[in-house]
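For ligands, and for the atoms within them, numbers begin at 1 and follow the listed sequence. Everything quoted here is computed from the prediction, not taken from an experiment.
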Amino acid sequence: MTTIDLDARLDPRELRNALGRFATGIAVVMAKDEEGPMGVTVNSFSSVSLDPPLVLFCMARSLNSLARLEKATAYSVNILHGTQKEISNRFARAGADKFTDTPCIDGSLGEPCLASAHATFECVPYAHYDGGDHVIFVGRVVHMRTEGEEDPLLYYRGSYRLLATLIQEG
Ligand SMILES: Cc1cc2nc3c(=O)[nH]c(=O)nc-3n(C[C@H](O)[C@H](O)[C@H](O)COP(=O)(O)O)c2cc1C
């Protein structure tokens, strides 16, 4: 029988590079509390369940806003358009002033939402799970909206991309 040495360390850079071959969209998670609004760029977003409607994203334990996000009673997940690269960069800067020049609207749960996102999912927390050096947030979608037919912003191997070719079936 083969034994697996779970303590053998994978090279973190190689792991990151290999994981970067999985192309993703980009979202900004937004919430607010008595200190004000908070927001984080994520590409760990995924759909989970249709019934009940659940989505997930993973937050690094090192985030300044992690404790506040864990206590949030509502948050929005805003999927970015291809024209919103600057918003992705702005919300990826640790501790930066992310909201001064960001067009936001109030969500129906009182949480901030990005104005003119490709799609917005307004969520209440469903569960938080241990995810190693990340926390896995599962949210229950209570409202959603979509806007425009432009391409989404994509992330692949450390760079932003746009959609290229539609593969026709049949
Ligand atoms: C394209 C992209 C995707 C990212 N995805 C994630 C993610 O899924 N989870 C995460 O914790 N941080 C992710 N980050 C990093 C965070 O956005 C960044 O650390 C965060 O904004 C810092 O927020 P803070 O001010 O709360 O520390 C990503 C950054 C970029 C540029």
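At the shortest separation from atom 29 (C) of ligand 1 among protein heavy atoms lies A92 CB, 3.9 Å. Of all protein heavy atoms, the one closest to atom 25 (O) of ligand 1 is G95 N, 2.7 Å. In terms of protein heavy atoms, atom 5 (N) of ligand 1 is closest to N43 N, 3.1 Å. Given atom 26 (O) of ligand 1, the protein heavy atom at minimum distance is S65 OG, 2.2 Å. Looking from atom 19 (O) of ligand 1 to the surrounding protein, the closest heavy atom is L63 CD2, 3.5 Å. Among all protein heavy atoms, the one lying closest to atom 8 (O) of ligand 1 is S44 OG, 2.6 Å. What sits closest to atom 10 (C) of ligand 1 on the protein, heavy atoms only, is C58 O, 3.7 Å.
The A60 neighbourhood of ligand 1 comprises atoms 10 (C), 11 (O), with distances under 4.0 Å to a heavy atom of that residue. Listed by number with element, the atoms of ligand 1 under 4.0 angstrom from any heavy atom of V40 are 16 (C), 17 (O), 20 (C), 21 (O). Atoms of ligand 1 lying under 4.0 Å from any heavy atom of F91, numbered from 1 in the order shown and given with element: 17 (O), 20 (C), 21 (O). Close approach of ligand 1 to Y155 is summarised as follows: ligand atoms under 4.0 Å from at least one heavy atom of the residue are 1 (C). Heavy-atom proximity to M59, at under 4.0 Å, picks out these atoms of ligand 1: 11 (O). For ligand 1, the atoms closer than 4.0 angstrom to any heavy atom of I26 are 1 (C).
Residue T41 holds the heavy atom nearest to atom 14 (N) of ligand 1 of all those in T41, T24, L80, N89.
With contacts defined as side-chain heavy-atom distances shorter than 4.5 Å, the pair Q84/S116 qualifies. Inter-residue side-chain proximity for P152 and L163 is flagged as met; some heavy-atom pair is nearer than 4.5 Å. Under the 4.5 Å side-chain criterion, counting only non-hydrogen atoms from C-beta, V29 is not in contact with F45.
Between L80 and the options I87, L154, T41, a side-chain contact (heavy atoms from CB on, under 4.5 Å) holds for only I87. E122 pairs with exactly one of M144, R145, M30, R140 by the side-chain contact (heavy atoms from CB on, under 4.5 Å) rule, that one being R145.
The shortest heavy-atom contact between V138 and Y129 is CG2-CE1, 3.7 Å. In plain terms, the two heavy atoms of T120 and A117 that are nearest each other are OG1-CB, 3.6 Å. What you find for P125 and Y75 is that their closest heavy atoms are CA-OH, 4.0 Å.
By the 4.0 Å heavy-atom criterion, K98 is counted among the residues contacting ligand 1.
Checked against a 3.5 angstrom limit, the closest N/O atoms of N64 and ligand 1 fall inside it.
Dense packing is recorded around CG of L19, with more than 12 heavy atoms of other residues, nucleotides or ligands lying under 6.0 Å away. No more than 12 heavy-atom neighbours from other residues, nucleotides or ligands sit within 6.0 angstrom of CZ on R16. Enclosure of atom OH in Y126 is not indicated, since only 12 or fewer non-hydrogen atoms of other residues, nucleotides or ligands lie within 6.0 angstrom.
In S62, neither the side chain nor the backbone holds a heavy atom less than 4.0 Å from any atom of ligand 1.
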